[in-house]
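First comes the structure, then the notes that go with it.
The chains referred to below are lettered A, B, ... by the order of the sequence lines, with proteins before strands, and numbering in each begins at 1. In this text the structure is predicted, and so the values were computed from the model without any measurement.
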Amino acid sequence: AQSVTQPDIHITVSEGASLELRCNYSYGATPYLFWYVQSPGQGLQLLLKYFSGDTLVQGIKGFEAEFKRSQSSFNLRKPSVHWSDAAEYFCARSTASKLTFGTGTRLQVTL
Amino acid sequence: GAGVSQSPRYKVAKRGQDVALRCDPISGHVSLFWYQQALGQGPEFLTYFQNEAQLDKSGLPSDRFFAERPEGSVSTLKIQRTQQEDSAVYLCASSHRTSGGNWNEQFFGPGTRLTVL
């Protein structure tokens, strides 16, 4: 089955520092990949998505992600983290319209 | 416009009780999805509707789970004879495009947190 792996359960960064959250997907045809953010008590909000074309994707809130087929990765990055970025981040892929999510990475931001 | 809404936001049930969870998708959205999110886990797919047709129910964990969308708008997820392992957040999402659109953004509601005692 096609799956998504997020190796880091919990990451802590200082405000203003750069951030990279890892995501790996299992082998398959052209993957449709997404990054969602979930704040406590809130629904999932789409940050960005990749289907084809330029492998560097820009999203909302200053986030970007790079698709690397050779590494089966779709890592999320942000050059300077803000305290409000503290949340749970989920990588997902779409197959037959339904989303398969990773287990998530909880981001903590220290001031 | 309004986003996806879900009710109730919190539900506590005694083991063995039946529960019904409601989802109001974004107006005009054709596709509707239900996901189950256990504590500390990512959401897992339960079922998918295109208008009133239930096209995929492969994720429903048992025959105690039933979902419907009779008029192609509001959807209800029903769980019969609840068990403790049913405790989770149930998320609803809608998308404006039809089946086959792997690229379609799904808009999520805030979820219903179900606790079974």
Out of curiosity, A:Phe34 CZ to B:Glu105 CD, how far, rounded to the nearest 0.5 Å? 8.0 Å

Connected via hydrophobic side-chain network under 4.5 Å: B:Leu55 and B:Phe49: no

Check whether any side-chain heavy atom of A:Leu99 sits under 4.5 Å from a side-chain heavy atom of B:Phe33, and report yes or no. no

Under 4.5 Å between side-chain heavy atoms, hopping through other hydrophobics if needed: is there a path connecting B:Ile26 to B:Leu77? no

Can you check whether B:Ser58 reaches A:Lys98 side chain to side chain, under 4.5 Å on heavy atoms? yes

Check whether A:Trp35 and A:Phe63 end up in the same hydrophobic cluster, where Ile, Leu, Val, Met, Phe, Trp and Tyr are linked by side-chain heavy atoms less than 4.5 Å apart. yes

Does B:Leu117, at its CG atom, have more than 12 non-hydrogen atoms belonging to other residues, nucleotides or ligands within less than 6.0 Å? yes

Partners of A:Ile9 by side chain to side chain contact (heavy atoms under 4.5 Å, CB included), sequence neighbours excluded? none

Any pair with a residue in residues 106-117 of chain B that passes salt bridge (Lys or Arg N to Asp or Glu O under 4.0 Å), sequence neighbours left out, goes on the list, sorted by first then second residue, please. none

Under 4.5 Å from any heavy atom of chain B - which part of A:Glu88: neither

Per-residue contact mode, A:Tyr36 against chain B (heavy atom under 4.5 angstrom): side chain

If the contact rule is any heavy atom under 4.5 Å from chain B, which residues of residues 102-111 of chain A qualify, in numerical order? A:Gly102, A:Thr103

Under 4.5 Å from any heavy atom of chain A, what part of B:Tyr35 do you find: side chain, backbone, both or neither? side chain

Do B:Leu91 and B:Phe65 sit in the same hydrophobic cluster, where Ile, Leu, Val, Met, Phe, Trp and Tyr count as joined when their side-chain heavy atoms come under 4.5 Å apart? no

Checking B:Glu44 against chain A: side chain, backbone, both or neither under 4.5 Å from a heavy atom? neither

Hey, is CD on B:Glu71 packed in by over 12 heavy atoms from elsewhere, all under 6.0 Å? no

Quick check on the structure: residues of residues 15-24 of chain B within a heavy-atom distance below 4.5 Å of chain A, by number. none

Indicate if A:Val4 and B:Phe108 have the same hydrophobic cluster label, given that clusters are the connected sets of ILVMFWY residues with side-chain heavy-atom separations under 4.5 angstrom. no

